[in-house]
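Note sheet for the following structure.
Note on naming: letters A, B, ... go to the chains in the order of the sequence lines (proteins, then strands), and numbering restarts at 1 for each one. Below, each value reflects all heavy atoms present in this structure, side chains not excepted, and no hydrogens, waters or symmetry copies.
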Amino acid sequence: VHLTISQSRAASSANHIQPLLVDNAGQFFSSGHTNNWAVLVCTSRFWFNYRHVANTLSVYRSVKRLGIPDSHIVLMLADDMACNHRNPKPATVFSHKNMELNVYGDDVEVDYRGYEVTVENFLRVLTGRLPPSTPRSKRLLSDDRSNILIYLTGHGGNGFLKFQDSEEISNVELADAFEQMWQKRRYNELLFIIDTCQGASMYERFYSPNLMALASSQVGEDSLSHQPDLAIGVHLMDRYTFYLLEFLEDIHPASKTNMNDLFKVCPKSQCVSTPGHRTDLFLRDPGSVLITDFFGSVRKVEITMETINLTDPIKQVEQRKYSYVDQLPVSEIIHQKPKQKDWHPPDGFILGLWTLILLVFFKLYGMKHLKHIF
Amino acid sequence: MATTEVERRRGQLAALSIAAVVIIVGVPLWWRTTETYRAWLPVNQINELANLQLQLSADVEVVFARGTVTPEQQKKVPTQVVISLCLFCSSPLEADLSLHTLSESPCGSLVVYVIPESSTLLPEDVDVYIGQRRTALLRIEQLLAHLEPRIKQVLQVMSFSHTDITAALSDRVRLSPGNKESIADSMRAFKSSPGYEITFSLLNPDPKSHRVHWDIEGAVQTYIQPLLTKLAPLANFSIDSQTLYYAMLGVNPRYDSSRSAYTLNSDSLAHVINPVEARLGSNAASSNPVLNFLLYVPDAHHSPLHIHDHKKQEVLSNAFHSPRWGGIMVYNVNGFYGPEAVFPVDININMAKVMGVFLAQLRLLLGVQSSAPPPGFLVAPCSSTGLADWELDRLMWSRTVENVATATTTITSLAQLLDQIGNIVINDNIAQQVSSAVTSLQLAVAELEAGNLGFALQYSKEAILASERAFFDPSLLHLLYFPDDQKFAIYIPLFLPMCVPILLSLLKIVSEARQKRRERQAKKD
């Protein structure tokens, strides 16, 4: 019963580990995060708001393509456009006219759908105050080393964003929610992108550190939609997200593009509204922040230099047979007893019986009672 | 005349009594029924917690072997136990084992045996030998003045040091980027959590060529379970395993003709994990952090596959790990069959070799391993569980401090939050959780000061559970924000129609009373 830890290179191992750690520490230092999360929310329903669902799905597509897995994405869509009965091409959501790019695909995992997308659920996801029965896929399980991307789109106004045409979230509530996230160290850095009318008002009230925000239009301006598709009959995308998607299509997991390029997306000539951004709460310089720090999921890795030399023989574990046949027979599991059918007399018989009773009654007591019945 | 007078009097009385009812009964009733229910919280104690001073003490017993102290020094030195040590044992390991029979030290404490300089028990360049349990052998020169700093050094390696505790407190104290290695260490290990899930996955991208068998249950029972049983005071562990077929690495390995093998260099390793992670899955029921250990058997066309580090040297373990995620090992099987084999080939994986790597990665990810010991120190080979007692103690110290720091942050920020946002309802169960968290925290701090590590860890775990339950209670969602103008807009249509007649009648009463007084004055004159 003897175990020895063997270093891979005996004497120089100490020297070998140190530079490796410094290299990795340098890499760690550049961003300080170890995992990525994304919360993508579309807040409007009805067929004519097709473009909001297409916006959210195109950001979802880019984020998945750059490496963030579904288990780390919380996708909230307030309405189902792909299976809407007004969709001439069911099971598709296009982001480009002439139906070039189907952003729905066959690999979409929507976590909150339809009427589940409410202000309360959104705030619960952000702050983590979900009921204990909520499954893992509906939770934002971030820690203090997570970079989170939050994308909101829908109809908004000065200081609020409309959810489901019946309620709204204000910029104060959003700022408070981010502060609660910061207090519990639920994020390392947070990028907030909003594509609505007067979007810049939503990030005015932020006060927690390490937040960077982008909006598609300033206060007093409307965000405009891009192009209608005549076959589908609605506008397919909003301008800001359209050009954002075009920008993201050029990014691949190893690219070194930084945030300053993201700020230049969709200038006034293309967008008609003036996109805005806010970086005063962010500790790092935006020029040193990579796009893949938020949109992708580049993992840090370290080579495993040490192994443990195990010499024990493997214990034999008794084989438990996991076959359903050995468990309860099916009939006992389903508990099917033959249904006790009560005997009913045939239907015509009952009708005839009542007719007879009525006739006898009226015969006996006189026909004058008949008018009270009919 | 009299009747109108009576009527007027009755009217005035009615108006006055209505106004009295509204002001005395109505307004307080409305205030009480519209205020949010907030149970009492121990705010003073919470504020005291914010200025917490942590004091850690570890019991150290110093045992002098015969021949280390002269009789005069014996009188001066406070600890008086002198024993005869097996100075002629051939290796320090045997001496260590024989010392275990003497006493069983409780967790958190240390025993240092001081042996004379002339002893040949330790090799030439080694002054300190750290045993498997909680013992250390220290060789000292005749001057006892050097004793205290040496023992302090031993303590720093075996129990806790200033940097360790500062790193564990990084939740409360924002770490200034002083020590790069400690930052990398703190980013690598998982944060303290009441439970962890460990998943072992076998990736077989080429089932047509390789039929891979692994005895994962036996391997887990033999190699991993002892370590997890030892770590049981820290957290609950749940283990599962799976086999994934047709799971490729996301990166194309390059063929290196000089070594006639395929290589993965260190830059491309970062992109390996993401395509695989989408297929791994996890237990939907729990929110515990997941550690993934993947064993990749390369397909027949890309065998053998080696991992190269920054210096283009082959990595012996052929494995790499990612901080706070898990580890991946590449297991080459092309050596098990020749070119004339009939596919698919049956392959049995050597679980001892695989588990050796995974166990080392597991230790790193759970925060056990730290930097290499200082020069002159020799660490005993590992015990059968893969974890020495003092390493467990070290982990328990840092986890306890981390738990205390996290629980304190949670409670203080919850109190601050509830103070700031007046709209949140505080139920009784939340107040109870907060009180129990505060009590557990105070107990944990007291136990840390007393040096009872086991109890301190238990109390700190209770504190964390209670504080997390209080902070993340679903009922603590603040009622949607009501700006002041909206509040006025709601109440004015309700109260204004009622208040206007009352106010006007009161004004009328006042003006009539004034007029009467003026008339009386005029009559007098």
Legend entry - Nearest non-hydrogen partners of B:A360 and A:T307, listed with the distance: CB-CA, 4.0 Å
Inset, instruction - Output yes when B:R324 and A:D144 qualify as a salt bridge under the 4.0 Å nitrogen-oxygen rule, no when they do not. - result: yes
Legend entry - Electrostatic pair A:R299-B:E277, nearest N-O below 4.0 angstrom: yes
Legend entry - Region of B:F471 that comes under 4.5 Å of a non-hydrogen atom in chain A: both
Inset, instruction - Select one option (side chain, backbone, both, neither) describing which atoms of B:N350 are under 4.5 Å from chain A's heavy atoms. - result: neither
Inset, instruction - Name the region of B:I307, side chain, backbone, both or neither, that has any atom closer than 4.5 Å to a heavy atom of chain A. - result: side chain
Inset, instruction - State whether the side chain of B:S322 and the backbone N or O of A:K300 hold a donor-acceptor pair below 3.5 Å, judged by distance alone. - result: yes
Inset, instruction - Identify the heavy atoms of A:T127 and B:F472 that sit nearest to each other, and give their distance. - result: O-CE2, 3.2 Å
Inset, instruction - Answer yes when A:K184 and B:E468 have at least one side-chain N-carboxylate O distance shorter than 4.0 Å, and no when they do not. - result: yes
Legend entry - Residue selection (most heavy-atom pairs with chain B, distance under 4.5 Å) from A:P253, A:S71, A:S297, A:P131: A:S297
Inset, instruction - Please round to the nearest 0.5 Å and tell me the distance separating atom CD1 of A:I314 and atom CE of B:M355. - result: 8.0 Å
Inset, instruction - Please look at B:H321 and chain A and tell me whether the side chain, the backbone, both or neither of the residue comes under 4.5 angstrom of a heavy atom of that chain. - result: both
Legend entry - Contact origin within A:D143 toward chain B - heavy atom pairs under 4.5 Å: side chain
Legend entry - Residue part contacting chain A, namely of B:L417, when any heavy atom lies under 4.5 Å: side chain
